[in-house]
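Remarks on the structure that follows.
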Amino acid sequence: MPNLLFYINGRRVEIGQPDPTTLLVDWLRSDEIGLTGTKLSCGEGGCGACTVMLSRWDPIKKKVDETAINSCLRPLASIDGAMITTTEGIGSTRDKLDPVQFRLAAFNGSQCGYCSPGFVMNMFTFLRNNPKPVQQEIEDLFDGHICRCTGFRPILEGMRSFAVDFKKNDKYHTNHRCRPGIEVEQHLGPQPSLTFPDELKSYKPSLHEWTGRGYEWFAPATLAEAQGIKATHGGNSRNVKLVVGNTSIGIYKAPEYDPHVLIDIAQLTELLGFSTDDAGVNIGAAESLSNVVDELQKLIATKPKGKTKGFVAFRKHLLDVANLQVRNIGSIGGNVMMTRAQAETAQPFPSDVYMVLATLGASITIASREGNTTYPIMELPAPSHLPGDAIAQTIHLPYSN
Ligand code: FES
Ligand code: FES
């Protein structure tokens with residue numbers, strides 16, 4: 001069986017049998033690895049202290065995708081073929097600070113520092129993809145962060161100082177002095193550790209199976225493989241979980257919900273991508289909520305206004321779901337399927353994504369080797385009424401009329 005392969009701050013790592021339950025944050029902070037710059041606080045995707053940058057090669061766009069993620073939600077096994085960058089990988093006071101680290105400190109945005117690496121890594125990732133942001137874009141980034149001691153104003157002021165429309169608040173600055181020792185901003189070129197390795201550009205997913213402590217982790221390379229594994233390892237029982245962003249562990253935890261068969265479907269190309277037809281847009285079920293937001297924006301900008309009223313409403317609503325880091329990895333299909341999987345339990349999932357999709361007349365296609373079936377969202381049965389190999393493949397969102 002292939003090893004788990006990834007890069008961390010430029011260092012190549014291979015692990016023979018990763019424990020399927022080890023989370024990235026715990027691995028980073030372990031005695032063996034010692035990257036304790038990344039903090040663990042809520043462990044539920046709610047505070048942003050554990051934010052790191054995840055980079056993956058996108059073979060279709062032929063570019064590296066860089067995303068800010070919560071390492072407290074992320075299974076270590078799921079980062080196969082990816083590169084992870086933590087605050088230690090972008091700069092330090094021992095060497096040179098990255099400009100984001102510097103500004104946070106210089107604007108007095110850090111006291112105990114527990115939240116700081118998370119703010120830094122989110123902003124750092126954003127700037128790599130948006131080198132000329134405006135203040136509002138920066139302000140919109142931080143709905144997934146909590147600072148318990150500094151107060152948000154100086155943090156935001158430091159971050160907004162990167163905006164092209166930033167005007168320094170002079171009154172504020174005469175009352176707040178930069179900390180001694182960091183008067184000079186140290187601009188850096190790209191760190192060597194931030195170069196995406198060629199090895200990962202040609203990395204092809206292959207069927208992986210790792211076991212540990214009674215849990216099994218499967219990483220199929222195709223939808224057909226995923227369906228076969230699901231059908232033969234418990235089908236739609238609550239012992240089987242399909243994993244994309246794994247954000248559900250922020251809500252549903254052991255011992256109440258403790259599936260032992262985990263099937264990673266995040267990289268399956270059959271579940272990814274967007275396409276339009278005469279009636280609307282097809283959304284791959286494993287696409288993240290953030291990707292849906294971006295795609296809807298493109299359609300809103302290019303299609304006639306009357307057709308995209310529903311898209312405008314849905315996009316606005318999506319931006320209120322959870323927070324940026326959760327939207328960056330949580331999938332639209334996972335959100336919808338969780339409502340059905342939890343519907344008959346003591347802890348139903350109150351998804352407002354599902355509610356808006358239903359209001360807009362969306363439908364969902366469930367893939368099975370027996371044949372695909374498309375249901376209006378409101379008529380999607382509970383998993384116990386679907387074939388054992390059923391996997392949500394696409395969601396269709398119609399144009400307004
Ligand atoms: Fe709070 Fe991860 S520790 S979001
Ligand atoms: Fe202490 Fe933010 S600096 S929690």
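For ligands, and for the atoms within them, numbers begin at 1 and follow the listed sequence.
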Tell me, which protein N/O/S atoms are under 2.8 Å away from atom 1 (Fe) of ligand 2?
C112 SG, C149 SG

For R11, look at atom CZ and say whether over 12 heavy atoms of other residues, nucleotides or ligands are found less than 6.0 Å away.
no

Under a 4.5 Å cut-off applied to non-hydrogen side-chain atoms, are S78 and W217 in contact?
yes

Do [X] and [Y] have side-chain atoms, one donor and one acceptor, less than 3.5 Å apart?
X: T38; Y: R29; answer: no
X: D389; Y: Q227; answer: no
X: D258; Y: Y252; answer: no

In terms of side-chain geometry, is the basic nitrogen of R103 or E157 positioned less than 4.0 Å from the acidic oxygen of its partner?
no

Lys/Arg-Asp/Glu bridge criterion (N-O < 4.0 Å) met for K253, E44
yes

Could you tell me which residues satisfy side chain to side chain contact (heavy atoms under 4.5 Å, CB included) with I84, sequence neighbours excluded, listed by chain and number?
I8, L24, V52, L54, I79, T86

Sorted by chain and number, sequence neighbours left out, side chain to side chain contact (heavy atoms under 4.5 Å, CB included) with K61 holds for D58, K63, D65

With a cut-off of 2.8 Å, which protein N/O/S atoms are close to atom 2 (Fe) of ligand 1, if we only count those under it?
C50 SG, C72 SG

